[in-house]
Amino acid sequence: PIFWAVLRGRCLPKQSCWKLITSDTFRLRQRNPGSPGPALAIMLCKHQEHHGNWPECFSTCLQHRLMLRNYEELEDIVEALQSDEDDTLRLSAEERRKLQ
């Protein structure tokens with residue numbers, strides 16, 4: 001999943017809805033900024049016992065970091081990791097144990 005969360009209050013799932021939209025918020029981080037920026041809009045209907053402002057929306061929230069600011073930096077990191085792995089493979093088993 002790209003997003004997983006536990007809400008702070010109760011909602012009414014059958015009265016809540018979602019839809020796919022486009023958003024300009026992260027468009028500049030895309031490789032092609034001219035293409036649409038897809039997003040998921042979720043409209044939750046709060047349970048009557050949980051109306052009003054919640055101090056926080058989620059008690060737990062995990063998300064995958066999808067958008068990168070700098071693809072060149074990512075390519076440099078991947079290249080460095082690959083180089084480290086190649087160097088490690090050239091070591092003997094004894095040399096690898098010493099590095100751990």
*CD of Gln48: more than 12 outside heavy atoms within 6.0 angstrom?*
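Open: at most 12 neighbouring heavy atoms sit under 6.0 Å from CD of Gln48.
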[atom1]/[X] to [atom2]/[Y] distance, rounded to the nearest 0.5 angstrom?
X: Phe3; Y: Cys61; atom1: CZ; atom2: SG; result: 4.0 Å
X: Trp18; Y: Leu44; atom1: CH2; atom2: CG; result: 13.5 Å
X: Gln15; Y: His47; atom1: CD; atom2: NE2; result: 9.5 Å
X: Arg8; Y: His50; atom1: CZ; atom2: NE2; result: 12.5 Å

*asked:* To check you understand the geometry: which heavy-atom pair defines the closest contact between Cys11 and Pro13, and what is its length?
replied: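 Heavy atoms of Cys11 and Pro13 come nearest at O-CD, 3.2 Å.
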*Flag yes if Ile42 and Leu20 sit in one hydrophobic cluster, no otherwise; membership is Ile, Leu, Val, Met, Phe, Trp, Tyr, and two members link when side-chain heavy atoms are under 4.5 Å apart.*
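Same cluster.
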_same_hphob_cluster(Leu40, Met43) at 4.5 Å side-chain heavy-atom cutoff_ =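 No, Leu40 does not connect to Met43 through the hydrophobic network.
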Short question: side chain of [X], backbone of [Y] - any donor-acceptor pair under 3.5 Å?
X: Ser83; Y: Glu79; result: no
X: Ser23; Y: Ala39; result: no
X: His51; Y: Lys46; result: yes

_Do Leu7 and Phe58 make a side-chain contact, defined as non-hydrogen atoms from C-beta onward lying under 4.5 Å apart?_
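With C-beta onward as the side chain, the pair touches.
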